[in-house]
Amino acid sequence: MSLHVYNTLNRRKEMFEPLQPNKVGMYVCGVTVYDYCHIGHGRVMVVFDVINRWLVQLGYDVNYVRNFTDVDDKIIKRALERGIEINQLTDEMIAAFHEDIGSLGCAIPNYEPRATAHMPDMVEMIAELVKKEHAYVAPSGDVLYAVRSFDGYGKLSGKNIDDLESGSRVDVDDSKRDPLDFVLWKMAKPGEPAWDSPWGEGRPGWHIECSAMSCSHLGASFDIHGGGMDLKFPHHENEIAQACAANGGDFARYWLHNGFVNINAEKMSKSLDNFFTIREVTKNYHPEILRMFILGTHYRSALDFSDSALDVAKAGLDRLYETKKRITHLGIKAQGSVPTAELSAEFCAAMNDDFNTPEALAALFDVNRALNKALNEDADITELLAQFDAMLSSLGLVQHDADSWFQSGDVDVSRIEALITERNEAKKARDFARADGIRNELIADGILLEDSPSGTTWKKV
RNA sequence: GGCAGGGUGGCUCAGUGGUACGGCGGAGGACUGCAAAUCCUUUAUUCGCGAGUUCGAUUCUCGCCCCUGCCUCCA
């Protein structure tokens with residue numbers, strides 16, 4: 001079965017066919033860098049990391065682009081509050097972003113453009129829109145996009161302009177020809193960061209940067225554009241209006257949107273102030289647990305965040321690491337990568353069906369069980385191990401050393417090892433009272449000893 | 001008000017026109033000096049409620065109830 005993806009544009013699953021055979025251009029909306037990433041951001045990054053991995057697994061040459069919004073009102077405000085330069089803030093947050101997202105096991109995209117590095121592209125696109133009369137200069141001096149000048153406006157989000165206005169919460173602004181018109185170029189107030197433009201010193205509106213950066217890296221028409229569900233309207237709608245009107249291309253052909261992360265059945269967001277940052281959560285839970293948690297639910301569904309959900313994710317991940325640990329201790333290594341044709345049919349079908357990671361995980365656990373069974377029976381595991389490995393790397397899971405997975409934290413390793421040696425001697429002498437005494441002593445410290453034919457190991461519990 | 005998505009066992013999460021995947025948890029067993037891990041067996045006559053279509057619906061249609069989201073910055 002070939003890859004099918006749910007395309008928000010047409011509200012159905014479609015067979016995925018890239019513009020150029022074997023090549024995929026994918027743009028994902030990144031973050032505005034004024035604060036640390038929360039779990040919701042983490043979800044987007046993990047989801048599209050897995051999508052990227054799968055496209056690569058399918059043999060596509062993927063050009064993955066993810067931007068940083070490093071000019072914006074919130075950034076200006078935050079820098080002012082902290083009394084630091086804007087660049088200092090954005091550099092700091094970009095570094096933190098890389099740390100956080102990297103800890104989640106996400107590969108770095110091919111390009112990570114910053115808005116401030118693409119001013120000429122934006123100015124050029126705005127000029128084109130003005131020239132084609134899709135944009136106009138308002139009395140305030142701001143350049144606005146005229147939504148009614150673009151026929152397809154509302155197609156992505158399934159809205160029409162008149163409906164939007166009837167029940168609208170859109171601010172009425174006299175300088176706008178239509179309340180839904182949005183800013184392309186914003187005139188700078190004194191003290192604000194500003195760039196030159198034919199309309200005076202100012203800065204770009206939020207939406208134009210993604211149109212300009214995606215087209216500049218991927219062309220006027222490209223394959224995939226992704227992001228969180230909340231960006232569907234107005235951000236992505238506006239991106240389409242800008243890019244299509246300016247370039248005349250298709251812009252993105254497949255629009256992929258991931259669902260929200262919820263807290264107590266409510267959307268996690270900055271505005272509701274009910275968010276957890278990645279670094280907060282990973283203080284208590286290994287980041288890979290967060291990744292497992294994210295992949296346990298289909299990317300388009302809502303994901304309910306709670307400690308108990310993370311505990312469940314951890315339990316599942318532990319199970320996979322147990323297998324890896326057994327294999328590691330037996331000194332067996334996987335032989336290279338597995339071509340897609342040889343990957344488990346169930347796993348492939350799941351991933352090809354709009355990246356159904358929960359179902360893919362079910363296939364993974366089936367292989368996990370088969371592998372342990374084979375190990376118990378001392379059978380040949382070459383094939384199973386290759387499958388196991390390929391699935392894990394497709395999902396970006398179990399990427400750490402198995403022993404350190406179970407042994408992380410503050411522990412006195414030499415003391416544990418000494419006690420293991422002492423206990424082994426006691427066992428040899430059939431002094432089980434002493435042996436159990438040692439084990440209980442360690443259990444009190446959160447250290448669990450496990451005997452196996454290949455020796456005694458320990459882990460933190 | 002408009003539009004969109006959802007309600008599946010103790011929890012979680014898939015899925016399908018022919019009585020339901022996986023994980024966690026529970027129970028029993030094998031293995032073990034005992035454990036742990038692993039494996040095996042078991043744990044929903046049932047998929048929000050009502051009606052319809054059908055030989056047959058959790059899956060399709062209609063109505064209802066409830067939840068969430070978008071319509072303003074937001075991943």
Side-chain angles (χ1 to χ4, degrees), chain A residues 8 11 28-32 37-45 47-48 72-74 154 157-160 162-171 179-180 182 206 226-235 237 257-262 265-272 275 292-293 295-298 300-304 306 308-309 311-320 322-323 325-326 346 350 353 356-366 368-377 406 427 430-433 435-436 439-440 443 448-453 456-459 461:
Chain A
T8 307
R11 253 141 294 188
V28 173
C29 284
V31 291
T32 301
C37 288
H38 63 234
I39 313 299
H41 298 121
R43 185 178 194 190
V44 185
M45 304 315 154
V47 161
F48 285 95
D72 156 273
D73 291 354
K74 288 190 281 273
S157 50
K159 301 176 187 307
N160 73 64
D162 298 314
D163 281 353
L164 279 168
E165 284 170 11
S166 54
S168 86
R169 291 185 272 165
V170 178
D171 286 341
L180 290 168
F182 56 91
W206 175 39
M229 210 76 107
D230 45 356
L231 297 184
K232 220 160 82 177
F233 187 90
H235 184 56
E237 198 68 72
H257 291 102
N258 65 275
F260 295 124
V261 176
N262 291 162
E266 212 179 32
K267 176 188 168 187
M268 178 189 288
S269 76
K270 295 270 191 179
S271 26
L272 292 172
F275 61 93
M292 181 74 170
F293 162 68
L295 298 180
T297 299
H298 184 86
R300 283 191 285 116
S301 302
L303 178 60
D304 277 303
S306 66
S308 64
D311 291 337
V312 167
K314 179 184 186 304
L317 205 47
D318 278 348
R319 194 163 143 72
L320 299 172
E322 288 286 358
T323 306
K325 185 176 157 188
R326 284 182 83 177
E346 291 78 12
D353 182 15
N356 192 333
T357 53
E359 207 171 289
L361 282 171
L364 170 62
F365 278 106
D366 285 343
N368 182 256
R369 176 175 293 106
L371 199 46
N372 275 120
K373 196 172 177 180
L375 248 17
N376 286 353
E377 291 162 0
F406 290 113
K427 275 172 63 182
R430 302 197 66 78
D431 181 359
F432 295 119
D436 291 350
R439 191 166 58 199
N440 292 148
I443 269 290
L448 175 73
L449 296 187
E450 298 183 311
D451 297 328
S452 82
T456 300
T457 59
W458 62 272
K459 66 181 179 190
V461 287

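Residue numbers begin at 1 in each chain, while the letters A, B, ... track the order of the sequences. As the structure is a computational prediction, the values presented were derived from the model and not from experiment.
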Please report the distance, rounded to the nearest Å, between [atom1] in [X] and [atom2] in [N].
X: Asn258(A); N: rC70(B); atom1: CG; atom2: P; value: 14 Å
X: Asp230(A); N: rA4(B); atom1: CG; atom2: P; value: 19 Å
X: Phe260(A); N: rA4(B); atom1: CZ; atom2: P; value: 16 Å
X: Leu371(A); N: rU38(B); atom1: CG; atom2: P; value: 12 Å
X: Phe365(A); N: rC24(B); atom1: CZ; atom2: P; value: 6 Å
X: Asn376(A); N: rA37(B); atom1: CG; atom2: P; value: 14 Å
X: His298(A); N: rU16(B); atom1: NE2; atom2: P; value: 11 Å
X: Asp353(A); N: rC21(B); atom1: CG; atom2: C1'; value: 13 Å

Does a side-chain N or O of [X] approach OP1 or OP2 of [N] to a distance below 4.0 Å, or not?
X: Arg319(A); N: rA37(B); result: no
X: Asn372(A); N: rA37(B); result: no
X: Thr456(A); N: rA35(B); result: no
X: Arg369(A); N: rG23(B); result: yes
X: Lys267(A); N: rC70(B); result: yes

Find the partner of [N]: check Watson-Crick (N1-N3 plus N6-O4 or O6-N4) and G-U wobble (N1-O2, O6-N3) distances, both under 3.5 Å, and reply none if neither fits.
N: rU68(B); answer: rA4(B)
N: rA20(B); answer: none
N: rC73(B); answer: none
N: rA27(B); answer: rU41(B)
N: rA51(B); answer: rU61(B)

Scan [X] against the nucleic acid and name what it touches under 4.0 Å (heavy atoms): base, sugar-phosphate only, or nothing.
X: Lys427(A); result: base
X: Gly30(A); result: sugar-phosphate
X: Gly227(A); result: sugar-phosphate
X: Ala302(A); result: nothing

* Structure fact -> 5'-most contact on RNA chain B (nearest-nucleotide basis), Ala370(A) vs Glu266(A), goes to Ala370(A)
* For Arg300(A) and for Ala363(A), locate the closest nucleotide of RNA chain B by heavy-atom distance; then report the residue assigned to the nucleotide nearer the 5' terminus. =>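 Upstream on the strand: Arg300(A).
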* Asked: Planes under 30° and centres closer than 5.5 Å, is that true for Phe432(A) with the base of rG33(B)?
  ->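 One would call Phe432(A) stacked on the rG33(B) base.
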* **Nearest-neighbour nucleotide for the Thr297(A) side chain, rC70(B), rC40(B), rC13(B) considered** => rC13(B)
* Asked: Looking at rC73(B), does its base get a donor-acceptor pair with the side chain of Asp72(A) below 3.5 Å?
  -> no
